[in-house]
Protein chains: 2
Amino acid sequence: MRRQRSQPADHGRASRETILDGAFQAFTKGGYRDTAVDDIAAAAEISKGGIYFHFPTKEAIFRELMRTTADKLVGKVESTVAAESDPIARAEVAIRTVLEVFAGHRTMARLFFEAGAGGRGFQAETNVLHDRFANLIQSYLDDAVAQGTIPAIDTRITSVVWFGALDEVVARWLLADRPGRLEDAYPTLRALLLRSVGVTEARIAEVPAPTFPAAFPEQHR
Amino acid sequence: MRRQRSQPADHGRASRETILDGAFQAFTKGGYRDTAVDDIAAAAEISKGGIYFHFPTKEAIFRELMRTTADKLVGKVESTVAAESDPIARAEVAIRTVLEVFAGHRTMARLFFEAGAGGRGFQAETNVLHDRFANLIQSYLDDAVAQGTIPAIDTRITSVVWFGALDEVVARWLLADRPGRLEDAYPTLRALLLRSVGVTEARIAEVPAPTFPAAFPEQHR
DNA sequence: TGTTAGCGACCGACTGGTCGGTCGGTCGGT
DNA sequence: ACCGACCGACCGACCAGTCGGTCGCTAACA
């Protein structure tokens, strides 16, 4: 199968994107270690040599993919958050947005969660990602504390806790046999997190938080 | 280096344990994928062939290691929990115990957290582990709800959230450049979690929770 | 207009190295 | 003499990265 050769106007941009797309698909099922460069090549309909013309190593592809994908997510969060001015409302919207984006892009979630499967050094990569989100959350919490909306607490640990909670909820959803709708977990998650930092019950009840049926399909006990 | 041959009385039990010990050491630094069977052999001071006399596959070694280690941890938790009768107190003690055990056995924590680095199928293994602890937590929460100590909430999601929080706190501690004392995070974590399920402030303040200095060394912002 | 040199993009067979697992063999105890 | 425990060289699969090519475009030149 002869491939259409790219026009010179492409400047190689197109195929770079094509490779990234293929890499996304490939990494998405299988994680880093279980994905061979040949798999990426197949997914992107390009040769291995072609890939190495555009990228120096397999790891470089993965890193770029992670970075740009995270950028998109953070960008999305920051733009939706911009509509709110109250710091607690911002935190709420941030959490909700992450949930919604992942709900709509299960594969993207996979990318983030199977990133770890590249042992040693990728742990560091994941670390940066976690930090990024935790810091985002922490900034909202700090603001909330500063303006007296919530009592003074250790916002560093709190942001870690919030992130961990969010992370785990998404992780379980990803691994569930018959996953429900991820967004359905939001009302409960929101209430738990807001309560945890001492937001008043009145404030928590403010958004009626439609009582969906339990978001988690079944429990294996 | 000729090794001491085991006495027949051993029935091979000793060397099985020796291998498991070596595997623990080896897996502990490097995760599953980055640890070669030869590494395990070296750590256990036995030959590769010797290992395959006792275990069918590398994966079998890892699974057994995970299982028995988790057993120990769960056992420890359950025995300390037995001293308490109030379900919320039990949950508190469970969290605290996990923190303390990990604090004292950093390597054990490593084993659990680098388990994921074996892509696909190990995710499932980790899943089981998470389930085990989440279910433990859920049972305490269910009891607390049943006896009216806390309001009725979705204990399934709540247990996932609690576990996620705990998990992330430990993970950050493991990856910190200059980790502080893990137990120091307990007071804050405890307060956050208890508040999240609606335990009264009075009850939360009950244990004076000695205000340690911040448990997290520094923040990279 | 026809010819050709140069080049950027891409191809895919191949290499070097790693690693899980095997297998014929050894050895001490009974 | 036999057997269970153990040894370690070896096999084969897999895979990241390389390298000598090919192809078609464009620009320079005749």
Side-chain angles (χ1 to χ4, degrees), chain A residues 1-23 26-27 29-65 117-122 125, chain B residues 1-23 25-27 29-65 114 117-122 125:
Chain A
M1 180 179 81
R2 217 91 272 273
R3 282 196 347 99
Q4 196 65 25
R5 197 160 285 274
S6 60
Q7 296 310 311
D10 281 344
H11 267 301
R13 260 283 126 54
S15 47
R16 231 189 115 83
E17 294 304 315
T18 308
I19 291 169
L20 252 6
D21 284 353
F27 282 136
K29 50 177 177 202
Y32 183 77
R33 299 301 270 245
D34 289 343
T35 302
V37 175
D38 283 315
D39 295 337
I40 300 174
E45 287 179 40
I46 196 179
S47 72
K48 205 200 246 192
I51 287 181
Y52 279 96
F53 178 78
H54 290 285
F55 295 91
T57 66
K58 178 186 173 185
E59 197 179 316
I61 303 173
F62 187 76
R63 292 183 116 89
E64 179 156 339
L65 204 53
R120 248 349 178 238
F122 277 83
E125 195 73 5
Chain B
M1 180 176 80
R2 220 89 273 272
R3 286 198 339 103
Q4 196 64 25
R5 197 161 284 273
S6 59
Q7 297 310 311
D10 284 4
H11 268 301
R13 261 280 128 53
S15 46
R16 231 189 115 83
E17 294 303 315
T18 308
I19 291 169
L20 252 6
D21 284 352
Q25 287 177 244
F27 282 136
K29 52 177 176 203
Y32 183 77
R33 297 300 267 246
D34 290 343
T35 302
V37 176
D38 283 314
D39 295 337
I40 300 174
E45 286 179 38
I46 196 178
S47 72
K48 206 200 247 194
I51 287 180
Y52 279 95
F53 179 78
H54 290 286
F55 295 91
T57 65
K58 178 187 174 185
E59 197 180 317
I61 303 174
F62 186 76
R63 292 184 116 88
E64 178 155 341
L65 202 54
E114 287 180 13
R120 245 355 175 233
F122 277 82
E125 195 73 6

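Base pairing analysis places C:dG16 opposite D:dC15; the two distances defining the Watson-Crick or G-U wobble pair are each below 3.5 Å. The pairing partner recorded for D:dG21 is C:dC10, the criterion being a Watson-Crick or G-U wobble arrangement whose two distances lie under 3.5 angstrom. In this structure C:dG28 sits in a base pair with D:dC3, meeting the Watson-Crick or G-U test at under 3.5 Å.
Taking all atoms of both residues into account, the shortest heavy-atom contact from B:Ala43 to B:Gly22 is CB-O, 3.6 Å. Here the closest non-hydrogen pair linking A:Ile19 and A:Ile51 is CD1-CA, 4.0 Å.
One can place CD1 of A:Ile61 at 11 Å from C1' of D:dA16, the figure rounded to the nearest angstrom. In this structure, the OH atom of B:Tyr52 is 15 Å from the C1' atom of D:dA9, given to the nearest Å. Distance, A:Phe53 CZ to C:dC11 P: 11 Å, rounded to whole Å. If you measure from atom CD1 of B:Ile51 to atom P of C:dG21, you get 11 Å, rounded to the nearest angstrom. Computed from coordinates, the A:Arg33 CZ to D:dC15 C1' distance equals 11 Å when rounded to whole Å. Regarding A:Ile40, its CD1 atom lies at a distance of 13 Å from the C1' atom of D:dG17, rounded to whole Å. D:dC6 atom C1' lies 10 Å from atom CD1 of B:Ile19, rounded to whole Å. Rounded to whole angstrom, the span from the CG atom of A:Asp38 across to the P atom of C:dC14 amounts to 15 Å.
A donor-acceptor pair under 3.5 Å is absent between the side-chain atoms of A:Asp21 and the main chain of A:Thr18, judged by distance alone.
Of all nucleotides listed (C:dG21, D:dC6, C:dC10), C:dG21 comes nearest to the side chain of B:Thr57. With distances taken from any side-chain atom of B:Ala36 to the nucleotides C:dA9, C:dC19, D:dT18, the minimum falls on C:dC19. In the set C:dG20, D:dC6, C:dA13, C:dG20 carries the atom at the smallest distance from any side-chain atom of B:Lys48.
The side chain of A:Ser15 contributes an N or O atom lying less than 4.0 Å from OP1 or OP2 of C:dC10.
At a threshold of 4.0 angstrom between heavy atoms, the contacts of A:Lys58 are confined to the sugar-phosphate backbone, with no base atom among them.
By the 30° and 60° cut-offs, the orientation of the rings of B:Phe27 relative to B:Phe62 is perpendicular.
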Query - Check against salt bridge (charged side-chain N to carboxylate O under 4.0 Å, His left out), A:Asp34 and B:Arg33 - result: CA-CA 11 Å; A:Asp34 289 343; B:Arg33 297 300 267 246; 2.7 Å; yes
